[in-house]
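Data first, discussion second: the structure below is written as structure tokens.
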Amino acid sequence: MIKIRNLSKSFGNKRVLSGLNFEARDGETLVILGSSGTGKSVLLKSIVGLMKPTNGSIMINGADITKCSSMELHEIQKKMGYVFQEAALFDSLTVEENVAFGLTALSDLSKKETTKRVEECLSMVGLKGIEKLKPSDLSGGMKKRVAIARTIAYRPQYIFYDEPTTGLDPIMSDVISDLIIYLRDNLKVTSLAVSHDMKSAHKIADRIIMLYKGDIVFEGTPKEVDETDNAIVRQFVSGSSQGPIEAERTFQL
Ligand SMILES: Nc1ncnc2c1ncn2[C@@H]1O[C@H](COP(=O)(O)OP(=O)(O)OP(=O)(O)O)[C@@H](O)[C@H]1O
Ligand SMILES: [Mg+2]
């Protein structure tokens, strides 16, 4: 379980997150919504220990990662997988080497077991037989799936997805959404997913939280999102430029 208490993050005098409290329960997918620049990536990076919060605690399996030693943090990080906003594959490595990357660093599997695990994970994301290709040979959707295969290869307990469907066509987005659901149900992972894609968010989420100006302004199930009269959520879901969320404008209407 992930338990966030009074989490804040500032850069200089710019406050990005101001005292967040929420939980991700074991085995659920929690989706984080929020407009561009609200601190969703900062939140994910803080939870996986890539960024140090200014205040507050981040409890993972009962340990506060903001206070533990770097060795303890490293042990907890072995349980966490991060699918970056851009797939972040190594261009000079083959797909096989990319997927094996975390395995080599985080496990002591033999070469033979590693090859088998890579094949298994690629097959799980629907990409059998592409081991020898390079990232430049792949479409955007394939790259995302290879990035997910790389993450699940070392069997994390938690997966953090930063905009897993952004930049993909609607059908490929749906394939990725189905994959996230499959991994939750079959590998029993607990996931946090940042998304702008309302269709995907609705499909994959057990619960949804919405960030606005550094705070959580809504927390509920997808059904509760549909039914809420919270003006901020309504505007975000409908994608209107009119409403409480100020769209950044570079032109005058
Ligand atoms: N290392 C950093 N130094 C200074 N400011 C930063 C740093 N990282 C993020 N920020 C600022 O924090 C704010 C939130 O950034 P973040 O990347 O979390 O937004 P986001 O919600 O993920 O947006 P998007 O949906 O566009 O990905 C932004 O104003 C950004 O400029
Ligand atoms: Mg982001």
Side-chain angles (χ1 to χ4, degrees), residues 1-9 17-34 38-51 53 55-68 72-73 75-83 124 148 151-152 154-165 176-212 214-228 230 232-233 236-237:
M1 172 153 167
I2 300 175
K3 206 185 240 184
I4 308 292
R5 288 289 172 266
N6 300 318
L7 185 72
S8 35
K9 176 70 182 172
L17 303 174
S18 36
L20 304 187
N21 289 286
F22 68 91
E23 273 139 42
R25 301 168 192 153
D26 288 341
E28 78 170 354
T29 300
L30 179 69
V31 169
I32 302 163
L33 296 179
T38 38
K40 304 179 298 298
S41 295
V42 165
L43 174 60
L44 283 196
K45 285 176 190 160
S46 305
I47 298 174
V48 297
L50 290 174
M51 209 175 240
N55 265 309
S57 65
I58 301 170
M59 308 289 293
I60 295 176
N61 295 348
D64 185 351
I65 66 151
T66 64
K67 298 196 174 61
C68 63
E72 287 167 316
L73 176 62
E75 281 309 306
I76 297 169
Q77 281 174 328
K78 288 183 181 175
K79 298 185 171 59
M80 306 199 273
Y82 195 106
V83 181
M124 220 181 267
I148 294 175
T151 302
I152 59 177
Y154 57 91
R155 304 269 190 269
Q157 183 186 354
Y158 299 99
I159 303 184
F160 302 89
Y161 300 95
D162 200 346
E163 299 189 13
T165 61
I176 301 282
S177 300
D178 286 337
L179 177 58
I180 293 172
I181 294 169
Y182 175 87
L183 297 176
R184 178 195 63 195
D185 295 346
N186 290 276
L187 302 183
K188 311 285 177 216
V189 292
T190 304
S191 301
L192 249 67
V194 162
S195 187
H196 282 144
D197 173 350
M198 285 312 301
K199 184 161 178 269
S200 167
H202 206 280
K203 186 165 179 175
I204 65 174
D206 294 295
R207 290 185 307 122
I208 293 178
I209 60 178
M210 169 130 192
L211 286 186
Y212 179 63
D215 278 322
I216 294 175
V217 291
F218 177 87
E219 182 167 352
T221 61
K223 188 165 177 282
E224 285 164 344
V225 168
D226 292 342
E227 292 165 353
T228 184
N230 181 312
I232 298 168
V233 178
F236 193 80
V237 170

Spacing of Asn186 atom CG and Leu179 atom CG [to the nearest 0.5 Å]: 10.5 Å
Min side-chain heavy-atom separation Leu43-Leu7 under 4.5 Å: yes
Steps toward side-chain contact (heavy atoms from CB on, under 4.5 Å) verdict (Phe160, Lys45): CA-CA 9 Å; Phe160 302 89; Lys45 285 176 190 160; over 6 Å; no
Closest approach of Met1 to Tyr158 (non-hydrogen atoms, all atoms of both residues): N-OH, 2.7 Å
By ring pair (Phe, Tyr, Trp, His ring centres under 6.0 Å) - contacts of Tyr82 (at least two apart): Phe84
Criterion side-chain contact (heavy atoms from CB on, under 4.5 Å) on Leu30 and Phe22, from CA distance to verdict: CA-CA 10 Å; Leu30 179 69; Phe22 68 91; 3.7 Å; yes
Distance (rounded to the nearest 0.5 Å) between Thr29 OG1 and Ile181 CD1: 7.5 Å
Verdict with reasoning, Glu72 to Glu75, per side-chain contact (heavy atoms from CB on, under 4.5 Å): CA-CA 5 Å; Glu72 287 167 316; Glu75 281 309 306; 5.7 Å; no
Ile209 vs Leu33 side-chain heavy atoms within contact, under 4.5 Å: no
Taking every non-hydrogen atom, the tightest pair across Leu73 and Cys68: N-SG, 3.8 Å
NZ/NE/NH1/NH2 to OD/OE distance under 4.0 Å, Arg25 and Asp206: no
Least distance between heavy atoms, Ile32 atom then Lys40 atom: O-CD, 4.1 Å
Spatial distance of atom CD1 (Ile152) from atom CE (Met124) [nearest 0.5 Å]: 5.0 Å
Salt bridge Asp26-Lys188, side-chain N to carboxylate O under 4.0 Å: no
Donor-acceptor under 3.5 Å (Ser195 side chain, Glu163 main chain): no
Note, Val225 side chain near His202 side chain (heavy atom, < 4.5 Å): no
Min side-chain heavy-atom separation Ile148-Ile176 under 4.5 Å: yes
Whether over 12 other heavy atoms sit under 6.0 Å from Lys3 NZ: no
Inter-residue atom distance Gln157.CD - Met80.CE, 0.5 Å rounding: 10.0 Å
Contact summary for Leu44 and Tyr161, nearest pair of heavy atoms: CD1-O, 3.7 Å
Ile58 side chain near Ser46 side chain, heavy-atom distance below 4.5 Å: yes
Closest non-hydrogen atom pair, Pro164 against Val194: CD-O, 3.4 Å
Gap between atom CD1 of Ile204 and atom OG1 of Thr165 - 0.5 Å precision: 7.5 Å
From OG1 (Thr228) to CD1 (Ile208), nearest 0.5 Å: 11.0 Å
Flag, side chain of Asp64 to backbone of Met59, donor-acceptor distance under 3.5 Å: no
Nearest atoms (heavy-atom pairs only) where Ser177 meets Ser200: OG-OG, 3.0 Å
Stepwise side-chain contact (heavy atoms from CB on, under 4.5 Å) test for Ile60 and Ile47: CA-CA 9 Å; Ile60 295 176; Ile47 298 174; 4.1 Å; yes
